[in-house]
Enquirer: 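Okay, here's the structure, questions in a sec.
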There are 2 protein chains.
Amino acid sequence: MKDKRVTIDDVAAAAGVSRQTVSRAINDLPGISIATRERILTTAQQLGYRPSGIARGLANAGQRTRTFGVVVPTIDNEFYAAVLHGIKDLTSARDYHVFLVDTNEDPATEYRRIQSLFSLWIDGLIICSSRMEDQQLAEICSQLRPVILLNREFIHPHAGNVLIDDAEGTESAVRHLVECGHKRIGMILGMPVSRSSENRRQGYLRAMHQAGLPVEPGWMLHTGAQLDAAYTAGKPYLQAHPELTALVVYNDVRAAGLLRACAELGIAVPGRLSLASHDNITLASLVTPSLTTVDIPKYEMGRRGAVMMLDMLTDRRLQPETIRLTPRLVERESTATPNAKGAPIQ
Amino acid sequence: MKDKRVTIDDVAAAAGVSRQTVSRAINDLPGISIATRERILTTAQQLGYRPSGIARGLANAGQRTRTFGVVVPTIDNEFYAAVLHGIKDLTSARDYHVFLVDTNEDPATEYRRIQSLFSLWIDGLIICSSRMEDQQLAEICSQLRPVILLNREFIHPHAGNVLIDDAEGTESAVRHLVECGHKRIGMILGMPVSRSSENRRQGYLRAMHQAGLPVEPGWMLHTGAQLDAAYTAGKPYLQAHPELTALVVYNDVRAAGLLRACAELGIAVPGRLSLASHDNITLASLVTPSLTTVDIPKYEMGRRGAVMMLDMLTDRRLQPETIRLTPRLVERESTATPNAKGAPIQ
DNA sequence: ATGAAAGCGCTAACAG
DNA sequence: CTGTTAGCGCTTTCAT
């Protein structure tokens, strides 16, 4: 089926040294003469020797497999693709390998798949927007270090955090709408299990409160993650709430769904309804009207997480940090003064 | 740092049997009484025993780590995210784990990272849109089985193929444009290393030839993978070729870049220029005008690849197949009869 | 039906 | 500086 593997013993025999000396040469450890190292490295090269990560992992009793897991709710959302992109470069450069776990937005799947990953003796774990309970996270952290949480605050001696100030981001969006003159502002939320969604809801409530504006319970609507779900749920919501002149939307994907609903209902955006969303993924600038949105530094979040992970792996004494990234409102076409003249979209 | 691992010996001791018997129980192998199996499984459960995939891999001499690699040019493109999505479900259900490799569209990186992955003794490999030379692919296939190639034809006893008839897809797009009445049709290509791009170019040339239409060399333009790259390269191209009334574009991302260039140049789409692209990713239906595009069954491609992989892993005697999926033109707003009246976009 | 022995390929701990 | 001795946790023989 496949050629016999070249093992460390083969190299040792060929170079006429002990297996151990080869190990020292390969791993650049002290206690070996330069000449010997050179010679061994050359023979290893000639034989096409590749150290087995599997055997290394075993011998190390699970210390260093040079692998770690990355967990995302769904790879199908450009947001997480961008985070992964931020993780990738460093990982590739340092010759680590990444197990990708897609949890389908389901906390139970997340927990199960992570536990299963543990049997592979990963060195660490990056969990993006974890939907699990604190207790489960604690259990996972007790089994592994480091665990880097992106977009989810969790305090644990093994856990690092790269956080977005979600509430502040949403507040800036609401303030923008208020400055435009809006008074009746609704909010489209994400999945109930999403922490970001809850944080953004808090930001919305706080900003509305600070502006002295009322909030009706019916003004808030949870929708599924797909564009179609937002479209489907959004249509009756829009019809039921003609009093609203602006909406803060959980993310761009949902905003795009609402845009479609608005178009079909003849609701002009931003003429009759302003829309401010979050994430600033590619489509935010491509849809018509382009979306005013709170930019989340997705790539940077991934990159910083990967840096922390690799640093902690390189020097096990390093303590995990908490990094806070700041979102920033990007004003585009989907927000304007309320009741401005403007024909319905189609 | 972490609790002592529970090993097979711990379970054996607790259950009062040999390590071997535990192994039989865990792996559901014959040669063990039902009662004993039950008892062992229970104690294993109580102890929280999780078999080490690493040790299993080593003991198996690289046969079954329940791990395989998935290689994509760039996770940042929704196309590949969709493929991954198709791979994910089955993988998760069968409790396999996936190493994700992003090659940055670079053949050398692709080769290097795959070789590096081999040290982890993966069971198989799915390579999406490989940019490597046949010779390198052959080398990789000689080291591993199965290797499933998505969107890249390659014949080898270890290699399965899930293919798209790219040329046919492009031909259907060109035929559509010709039927609209276009005579001078250009093409925006992908990266020169992309096989799809080359196949689509062939389809373009063939369809133009069959329609008896001329093709100028200057009508074809290669652009980078990002939207901005297409926008930047597209602008001077559009200005240099006012004779063109329609464009076949390599993919939706690039078409979106061109759309922006057209908007800035005051070129109405489809009024003065029709655009037909490929892939049918989300943004294709969201941009204005929405894109006529050749739908590629991305999710299905990933899913079929994963099915073949897992089938071959389950039954090692199974021979790899070649599966061909058919693209399908989706007509939207970006194509129309040439020279139809219609004001420039802005 | 169960157990004992050997070894997968490597590194850590100790010798020399 | 280099070699020897033990495993890491598991599965495969081969015994019993």
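The sequence lines fix the lettering, A, B, ..., with proteins before strands; numbering per chain opens at 1.
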Enquirer: Which residues pass the salt bridge (charged side-chain N to carboxylate O under 4.0 Å, His left out) test with A/D89, sequence neighbours left out?
Expert: none
Enquirer: Using the side-chain contact (heavy atoms from CB on, under 4.5 Å) rule, take A/D95 and B/R113 through it: C-alpha gap first, then chi angles, then the decisive distance, then the call.
Expert: CA-CA 8 Å; A/D95 202 33; B/R113 293 288 286 165; 3.5 Å; yes
Enquirer: Tell me every residue that passes side-chain hydrogen bond (donor to acceptor under 3.5 Å, both in side chains) with A/R304, counting only those two or more places apart in sequence or in another chain.
Expert: none
Enquirer: Provide, to the nearest angstrom, the distance between the CD atom belonging to B/E38 and the P atom belonging to C/dA1.
Expert: 15 Å
Enquirer: With a 4.0 Å cutoff (strictly under), does any side-chain N or O of B/T36 reach OP1 or OP2 of C/dT2?
Expert: yes
Enquirer: B/T21 side chain N/O closer than 4.0 Å to the phosphate oxygens (OP1, OP2) of C/dG3?
Expert: yes
Enquirer: Would you kindly give the CG-to-P distance between A/L120 and D/dC10, to the nearest whole Å?
Expert: 13 Å
Enquirer: Can you say whether the rings of A/F68 and A/Y96 are parallel (under 30°), tilted (30 to 60°) or perpendicular (over 60°)?
Expert: tilted
Enquirer: How large an angle, rounded to 10°, do the end axes of the helix from C/dA1-D/dT16 to C/dG16-D/dC1 enclose when each is built from five base pairs?
Expert: 40°
Enquirer: When the distance from CZ of A/R37 to C1' of D/dC1 is rounded to whole Å, what number comes out?
Expert: 11 Å
Enquirer: Just to verify, what does B/R324 make a salt bridge (charged side-chain N to carboxylate O under 4.0 Å, His left out) with, not counting sequence neighbours?
Expert: B/E153
Enquirer: Ignoring the backbone of B/W121, work out which of C/dG3, C/dC8, D/dC8 is nearest its side chain.
Expert: C/dC8
Enquirer: Is any side-chain heavy atom of A/V101 closer than 4.5 Å to a side-chain heavy atom of B/K88?
Expert: no
Enquirer: State whether B/S52 places a side-chain N or O below 4.0 Å from either non-bridging phosphate oxygen (OP1 or OP2) of D/dG9.
Expert: no
Enquirer: Which nucleotides of nucleotides 11-16 of chain D have their base under 4.0 Å from a protein heavy atom (B), which only their sugar-phosphate (S), and which neither (-), written as one string 5' to 3'?
Expert: BB----
Enquirer: Check ring-ring contact (aromatic ring centres under 6.0 Å, His included) between B/Y111 and all other residues, then give those that pass, not counting sequence neighbours.
Expert: none
Enquirer: Less than 4.0 angstrom from a charged side-chain N to a carboxylate O is my criterion; do B/D10 and B/R5 meet it?
Expert: no
Enquirer: B/D9 has an atom CG; how far is it from atom C1' of C/dA5, in whole Å?
Expert: 13 Å
Enquirer: Regarding A/S92 and B/D102, do their side chains bring together a donor and an acceptor under 3.5 Å, going by distance alone?
Expert: no
Enquirer: Calculate the interatomic distance between B/D10 atom CG and D/dC10 atom P; express it in whole Å.
Expert: 9 Å
Enquirer: Return the value, rounded to whole Å, for the distance between atom CD1 of B/I54 and atom C1' of D/dG7.
Expert: 16 Å
Enquirer: Between P on D/dG9 and CG on B/L47, what's the gap in Å once rounded to a whole number?
Expert: 14 Å
Enquirer: Which nucleotide in the list D/dT2, C/dC10, D/dG9 gets nearest to the side chain of A/T7?
Expert: C/dC10
